[in-house]
**Q** 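Structure incoming, see below.
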Amino acid sequence: MAQERPDAAPELEHLRQRGVETVILAGADTHGIMRGKRIPIAELPRAVRDGIALCEVIWALPVDEVVPVERPEGHAGWFPRDGYPDMRAVPDLDTARLVPWHDATALVLCDFVDVGGGAIPLSPRAVLRAVVERARAMGLEPIAGIELELYLLRETPDSVLAKRPSQLVAVQERPSVYGVVAASRSEPFAGAVRATLRRYGLAVEACNPESGPGQLEINLGAAPALRAADEAFLLKSAVKEIAASQGLLATFMAKPRSDWPGSSCHLHLSLRDATPSTMRHFIGGLLQGMAELTAIVAPTPNSYRRLVPYSWAATTATWSVDNRSAGVRAICRGGEITRVEHRQAGADANPYLVAAAALAAGLDGVRRACEPPPPVDGDVYALAESAAPPLPATLAEATDLLERSALAREWLGDDVVDHCVAMRRNELAAQAAAVTDWETARYLEAL
C-alpha cells in the first residue's frame, strides 16, 4: 500500500522556498530504469493527494523498448492489461531532494499503485519494503551498503550503436586499481560525481579506479535497506546524466567488452539487534538461496559474461572470512561494521530486487536456523566442484531455477517471479535470434 501523507504541506513549502519550479516524479521499473514525469511545482499538491497517471506498459517494456512483451500463454500472475490502462505514481515526500545538475528542479521517488491504492505487485520498491517489514516482524532491522562499478566511455548513446564491443573507447586505455595518479586523470569526472552526489543527498563514502580501463567504483554509506536501495537507484541515473553533461557515456552494463573485467554491485548487509548465531544462520540462508535467486541478481544474458573464475565475481555458493573469491564474504571487525558482503550481483541488476532477494534468502535462513557449511580458505576459484557448489552459468539455467523457487515465491511473490521469468525468457529469445558481430567476423568471409 502506498504511504499516505496528509501532512505534506511543510515539505511542499520547503521546496518552494528553495526556488524549485520543476519536480521529477519517478520510480524504478523491474529493469531498474527510472520512469516518471516532470511536473510544475504548482501541481505537486495534487500529485501528492491523487498520484500521477503512468501507463502500465512500463512493466512490459524490454530494455530496448522496441516492442512490448506480450503476456505469455498461460501466464497467471499480474501483467499489464490489454490496452495498457493507467496506474498511479504516488510521491513519497520523504525522498524529496534538489537535483544539482538541473536548474530549479527537485526529484521525488514514487510508489506505483493501482487505481484502488494497492501496490503494483511488480513494483521493486514495494517488493523490498515488504521484505524489510518481515524482517522487522522478526525483530531485525536490515542495514545495507551498496558498491557499484561502472565504465566511463568516450562515447555517446548514438556512437555506440555503430560499434563492435572491441571498438568502444574508455576514458583511459590502461587499468590502475586504486591508482591515485590514474584517478587524478579522471578527476574532472569523478570529482564532479562525488561533489554532485553529496549535494544530491547521497552518502558517497569513496570513489576509486577499478580493474578495467576507465572503470570506477563508487561506495555508498550504510543505511536502512530501503533507503540504501533508493540511493543506489538514484546514483545510477545521476552518474549517467553527469557523464552526459561532460560528453561522456557511463554504463553499468555487466561486461561491455570481452577483454574488460565485469562491473559488480556488491551488497553489504547487517542486521541490527542480531546475535552471532543470527549472522551464522543468515549466511546459511544466503548460500542455500544463491542459485535459485541468480536470475534476480544477474538479469541479462550479458550478466553471465561476468560470472567466470578470477573475475572478482561470485561463481560458487561459498563463504569465507575476508576472501573476495568466495560468494559471500564475512567481514568481522567488531561492532556495527561487522557484516556480510554478497558478491554475486552485477551492476546491471535492479538494486531494489538485489537487496530484496539477498535479504529474503538470509532471513529465511535465520527463520529456519540454517547452518552454513564450513568457511572455505584460499583460492575458491581453484576448488573442485564438490567443494564449491557452482552457481548458474547461463540465464537460461538461472531462469529455470527461479521459476521453481519456493523461496522466491514466498518472499518476493508469485507475480514477481512469473514476471521475471517471462521477461528473461524474452531476452533469451531476442539473443537467440540476433546475428552477432562475432558471427559475422568469424564466418562471413571465410565461408
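Computed over heavy atoms, backbone and side chain alike; hydrogens, waters and symmetry mates excluded. We number each residue from 1, following the sequence as shown.
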**Q** Is it true that, when you exclude Trp78 itself, more than 12 heavy atoms of the residues, nucleotides or ligands shown sit nearer than 6.0 Å to its CH2?
**A** yes

**Q** Tell me whether Glu427 contacts the main-chain N or O of Pro62 through its side chain, where contact means a donor paired with an acceptor under 3.5 Å.
**A** no

**Q** Hey, does Ser211 have a side-chain heavy atom less than 4.5 Å from the side chain of Pro175?
**A** no

**Q** Does Leu353 reach the side chain of Leu128, with side-chain heavy atoms less than 4.5 Å apart?
**A** no

**Q** Quick test of your reading of the model: are Arg425 and Glu403 salt-bridged, counting only N-O distances below 4.0 Å?
**A** yes

**Q** For the pair Glu65 and Arg35, find out whether any cationic side-chain nitrogen is under 4.0 Å from an anionic carboxylate oxygen.
**A** yes

**Q** So, for Val127 and Pro121, which heavy atoms are closest and what is the spacing to 0.1 Å?
**A** CG2-O, 3.7 Å

**Q** Could you check whether atom CD of Glu439 has more than 12 heavy atoms from other residues, nucleotides or ligands sitting under 6.0 Å from it?
**A** yes

**Q** Once you round to the nearest 0.5 Å, how far does CG of Asp400 lie from CD of Glu292?
**A** 13.0 Å

**Q** So, taking the atom named CG in Leu235 and the one named CG in Leu202, what distance separates them when rounded to the nearest 0.5 Å?
**A** 6.0 Å

**Q** Thr318 and side chain to side chain contact (heavy atoms under 4.5 Å, CB included): which single residue from Val328, Val376, Asn323 fits?
**A** Val376

**Q** Of all heavy-atom pairs between Ala422 and Pro72, which one has the smallest distance, and what is that distance?
**A** CB-CG, 3.5 Å

**Q** Measure across Thr338 and Ser270 and return the closest heavy-atom pair with its distance rounded to 0.1 Å.
**A** O-CB, 3.7 Å

**Q** Going by heavy atoms in the side chains, are Leu395 and Tyr304 under 4.5 Å from each other?
**A** yes

**Q** Distance-only, no hydrogens or angles: does the Arg88 side chain make a donor-acceptor pair with backbone N or O of Leu54 under 3.5 Å?
**A** no

**Q** What's the separation between atom CZ in Arg97 and atom CG in Leu109, rounded to the nearest 0.5 Å?
**A** 6.5 Å

**Q** Should the ring pair His419 and Phe79 be called parallel, tilted or perpendicular, given that the plane angle runs from 0 to 90° and is split at 30 and 60?
**A** tilted

**Q** Where the side chain of Arg154 meets the backbone of Val171, is there a donor-acceptor pair that is under 3.5 Å apart?
**A** yes

**Q** Contact between Ser311 and Tyr381 at the side-chain level, heavy atoms closer than 4.5 Å - yes or no?
**A** yes

**Q** Please evaluate residues Arg324 and Glu341 with respect to the criterion salt bridge (charged side-chain N to carboxylate O under 4.0 Å, His left out), reporting the C-alpha separation (whole Å), side-chain torsions for both, the decisive distance (0.1 Å), and the verdict.
**A** CA-CA 9 Å; Arg324 287 179 168 84; Glu341 180 189 26; 5.1 Å; no

**Q** If you count every heavy atom of other residues, nucleotides or ligands that lies below 6.0 Å from Arg272 atom CZ, does the total exceed 12?
**A** no

**Q** With no hydrogens and no angle check, do the side chains of Trp411 and Asp364 hold a donor and an acceptor under 3.5 Å apart?
**A** yes

**Q** Could you give me the CA-CA distance, side-chain angles and deciding distance for Asp29 and Phe112, then say whether side-chain contact (heavy atoms from CB on, under 4.5 Å) is met?
**A** CA-CA 9 Å; Asp29 69 4; Phe112 295 122; over 6 Å; no

**Q** Quick check against the 3.5 Å criterion: does Asn350 have a side-chain atom that pairs as donor or acceptor with the backbone of Thr30?
**A** yes

**Q** Under 4.5 Å between any side-chain heavy atoms of Arg339 and Met279, yes or no?
**A** no

**Q** Without swapping roles, check the side chain of Lys236 against the backbone of Glu231 for a donor-acceptor pair under 3.5 Å.
**A** no

**Q** Kindly say whether Val180 contributes a backbone atom to a donor-acceptor pair with the side chain of Ser184 at under 3.5 angstrom?
**A** yes

**Q** Test Leu269 against Ile143 for side-chain contact (heavy atoms from CB on, under 4.5 Å), laying out the working first.
**A** CA-CA 6 Å; Leu269 294 169; Ile143 306 297; over 6 Å; no

**Q** Using the ring of Trp319 (Phe, Tyr or Trp, six-membered ring only), decide whether Arg329 places NZ or CZ under 6.0 Å from its centre and within 45 degrees of its axis.
**A** no

**Q** So, are Arg194 and Glu187 salt-bridged, with charged N and O less than 4.0 Å apart?
**A** yes

**Q** Which atom names give the shortest non-hydrogen contact between Ile218 and Cys207, and what distance separates them?
**A** CG1-SG, 4.2 Å

**Q** Are Arg134 and Glu410 close enough that some pair of their side-chain heavy atoms sits under 4.5 Å apart?
**A** yes

**Q** Using side-chain heavy atoms (C-beta onward) and a distance below 4.5 Å, is Thr294 in contact with Leu402?
**A** no

**Q** CD of Gln344 to CD1 of Ile296: how many Å apart, nearest 0.5 Å?
**A** 11.0 Å

**Q** Which label fits Phe233 and Tyr352: parallel for a plane angle under 30°, tilted from 30 to 60°, or perpendicular past 60°?
**A** tilted

**Q** OG1/Thr316 to CG/Leu307 distance, rounded to the nearest 0.5 angstrom?
**A** 11.0 Å

**Q** Pro100 and Arg199: which non-hydrogen atoms are nearest, and at how many Å?
**A** CB-NH2, 3.2 Å

**Q** Report yes or no: do Asp348 and Ser303 form a side-chain donor-acceptor pair below 3.5 Å?
**A** yes

**Q** Show, in sequence, the C-alpha distance, side-chain angles and deciding distance for Arg227 and Glu141, and conclude whether the salt bridge (charged side-chain N to carboxylate O under 4.0 Å, His left out) test is met.
**A** CA-CA 12 Å; Arg227 193 175 90 213; Glu141 178 65 35; over 6 Å; no

**Q** Looking only at heavy atoms, which two atoms of Pro142 and Leu359 are closest? And how far apart?
**A** CB-CD2, 3.7 Å

**Q** Looking at Arg306, Glu147, Glu210, which hits side-chain hydrogen bond (donor to acceptor under 3.5 Å, both in side chains) with Ser264?
**A** Arg306

**Q** For Arg129 and Asp111: C-alpha separation, side-chain torsions, deciding distance, then whether salt bridge (charged side-chain N to carboxylate O under 4.0 Å, His left out) applies.
**A** CA-CA 11 Å; Arg129 181 186 286 117; Asp111 292 302; 3.2 Å; yes

**Q** Would you mind telling me which of Arg424, Arg71, Arg409 makes a salt bridge (charged side-chain N to carboxylate O under 4.0 Å, His left out) with Asp418?
**A** Arg409

**Q** Can you check ring-ring contact (aromatic ring centres under 6.0 Å, His included) on Tyr151 and Trp260, steps first, answer last?
**A** CA-CA 10 Å; Tyr151 277 96; Trp260 290 353; 4.7 Å; yes

**Q** Would you please name every residue forming a side-chain hydrogen bond (donor to acceptor under 3.5 Å, both in side chains) with Arg404, sequence neighbours left out?
**A** none

**Q** When you measure from the side chain of Thr196 to the backbone of Val193, do you find a donor-acceptor pair of N or O atoms at a distance under 3.5 Å?
**A** no

**Q** Has the side chain of Gln167 got a donor or acceptor atom that lies under 3.5 Å from a matching backbone atom of Lys163?
**A** no

**Q** Please step through side-chain contact (heavy atoms from CB on, under 4.5 Å) for the pair Gln172 and Ser186, ending with a clear verdict.
**A** CA-CA 8 Å; Gln172 296 190 37; Ser186 62; 3.6 Å; yes

**Q** For the backbone of Ala355 and the side chain of His342, can you confirm whether one donor and one acceptor N or O come within less than 3.5 Å of each other?
**A** no

**Q** In Å, rounded to the nearest 0.5 Å, how long is the span from CG of Leu220 to NE2 of His268?
**A** 10.5 Å

**Q** Find out whether Thr95 and Asp230 are in side-chain contact, i.e. whether some heavy atom of one side chain is under 4.5 Å from a heavy atom of the other.
**A** yes

**Q** Carefully, step by step, assess Val23 and Thr105 under the rule side-chain contact (heavy atoms from CB on, under 4.5 Å).
**A** CA-CA 6 Å; Val23 181; Thr105 300; over 6 Å; no

